[in-house]
Amino acid sequence: MTKKINLNSRRAFLVKAATAAMAAPLLFNEEAQASNSPKLRHACIGVGGMGWGDLQQFKKHQQVEIVALCDVDEKNLKCASELVPNAKTYTDWRELFKHEAAHIDSVNVSVPDHNHFPIAFEALHLKKHVYCQKPMCHDVAEVRALTKEAIKAGVVTQLGTQVASSQGDRTAVNWIKQGIIGKIKQVYLCSNRPGAIARYRLPGPRPTEGHEAPPHLHWDLWLGTAPIRPYAPDIYHPAIWRTWQDFGTGWSGDIGCHIFDAVWKGLGLKSPLSVVAEVQKSWQDSPERRADTWPQGDHITWQFPGNKMTAHKTLQVEWFDGEFYPPQAIRDLYKDGEYPAESAMLIGTEGALLIPHQKMPIIIPTGNPKSYSTPPLAERNHYHHFVDACLGGENTESHFAQSGPMTETVLLGTVAIRVPGQLLEWDAKKMKFPNYPEAEKFLRRQYRSGWEIASL
């Protein structure tokens, strides 16, 4: 029988570490694993799509024993069970926790956004380590509650921002902190991925008539916290659920945590002062679409309080996706080909820094940039770094105390999208919009009967 890990001393350390504003860049060597260390008993919740990739990553770690699998789609579950034949299988995550809580040390949550919070929160309540796909939750209020619960539980957490562990993003964070392009004046984030609109962002509306769900799909469990909606093929499960407000968080919610991460950590940003959004006109002019889907393009602007890294008392950060692009003058700064479709550009007093998604950062001299160093960074597996932290190693790159406030900020953008053109002043402490309280209804959803959580 696998030895159970004693988490008490580890938990005390993590409570202290989780309160830090940012995790320091950490080096990781996947081969440096003690052969006599105990195994991490892990449960995979959601094993289709992204969850299938997550399962394979955890399985590759020599000190992980996958003991339980869960998915509402029995086809997904069958494939996963063939890969891990000794793991117990469940279609309801509540049943998994009921029967396996004493036999697992950690979980990964790789399900649609609207069910992230209840699963992750229950795992934290049971003092289990949690790896959760991005965005951390569907709603701002959920993120705030989950972040607090993670710190209280003192367990290891990791947001599924895999690129945060890459050499590119970690190098970018180091360079930003070194101040190599001077004080930061403005930031431009974008995700204009070719083909993404047609594939993932349906214009709607939803079908007027539903269909019977296929026998392998437990549709009521898939809906979870969301309102009852008849099943319809090819528009919800799998993957396309991001189109719909009930289930997803739009393109900015999906990709925003990736693109924002290095900027957030490098600049040491805190909660924004305000947020406002411009959206696709056809979506804004359609009450039916605005009530049901996310727009196929949006432009979000946050104002942040300045700090020692910024050139002014406030810092403006802008996001562009779909039909909205960074200003041409910004794109023209990059001279070596087409402007990266998914990237972050920081404009400093002594130069600019371009961070292409999943690639190494690029310094663009426009003044007198400082000399900089590029220390060698060991390759790091985001999933295995989480596992090593659970087994007593250093803290994770994207722990919830670090990634929670950033996710809140990204999701404030989705609130602004729903009231386009309205500047929302943000009181982070009270979780209020003092100048426009009508938007506060979008900070949290009403869970359907039987799925309520007392902490919300």
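For the numbers below, each heavy atom of this structure counts, side chains included, while hydrogens, waters and symmetry mates do not.
At least one side-chain heavy atom of L412 sits under 4.5 Å from a side-chain heavy atom of L443. With a 4.5 Å cut-off on side-chain heavy atoms, F386 and N381 do not count as touching.
Figure legend: cation-pi geometry between R290 and W283, with NZ or CZ positioned under 6.0 Å from the six-membered ring centre and within 45° of its axis. For the pair R201 and W251, the distance from NZ or CZ to the six-membered ring centre is under 6.0 Å and the angle to the ring normal is within 45 degrees. The cationic atom of R170 (NZ for Lys, CZ for Arg) does not lie both less than 6.0 Å from the six-membered ring centre of W175 and within 45° of the ring axis.
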Just list the side-chain donor-acceptor pairs under 3.5 Å for residues 352-361, sequence neighbours left out, or say none.
none

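In plain terms, the two heavy atoms of M345 and I364 that are nearest each other are CE-CD1, 3.7 Å. The two residues L159 and K134 have their closest heavy-atom pair at CD1-CA, 3.8 Å. Smallest separation of non-hydrogen atoms from S191 and I255: OG-CG2, 3.7 Å.
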Dump the intermediate steps for salt bridge (Lys or Arg N to Asp or Glu O under 4.0 Å) on D169 and K265, then the final yes or no. CA-CA 10 Å; D169 269 31; K265 285 190 286 196; over 6 Å; no

Test salt bridge (Lys or Arg N to Asp or Glu O under 4.0 Å) on E142 and R444 and set out the steps. CA-CA 7 Å; E142 292 178 328; R444 69 186 74 226; over 6 Å; no

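Listed for the S106 side chain is no donor-acceptor partner under 3.5 Å among the backbone atoms of V130.
If you check the side chains of R229 and Y236, you find a donor sitting under 3.5 Å from an acceptor.
A side chain to side chain contact (heavy atoms under 4.5 Å, CB included) with T407 is found for exactly one of C137, C257, C132, namely C257.
Legend: residues meeting side chain to side chain contact (heavy atoms under 4.5 Å, CB included) with Q316, ordered by chain and number and at least two apart, are Q186, T301, Q303, E318.
In this structure, W93 and W451 have tilted ring planes: the angle between them lies in the 30° to 60° band.
A 6.0 Å sphere centred on CD of E338 holds no more than 12 heavy atoms belonging to other residues, nucleotides or ligands.
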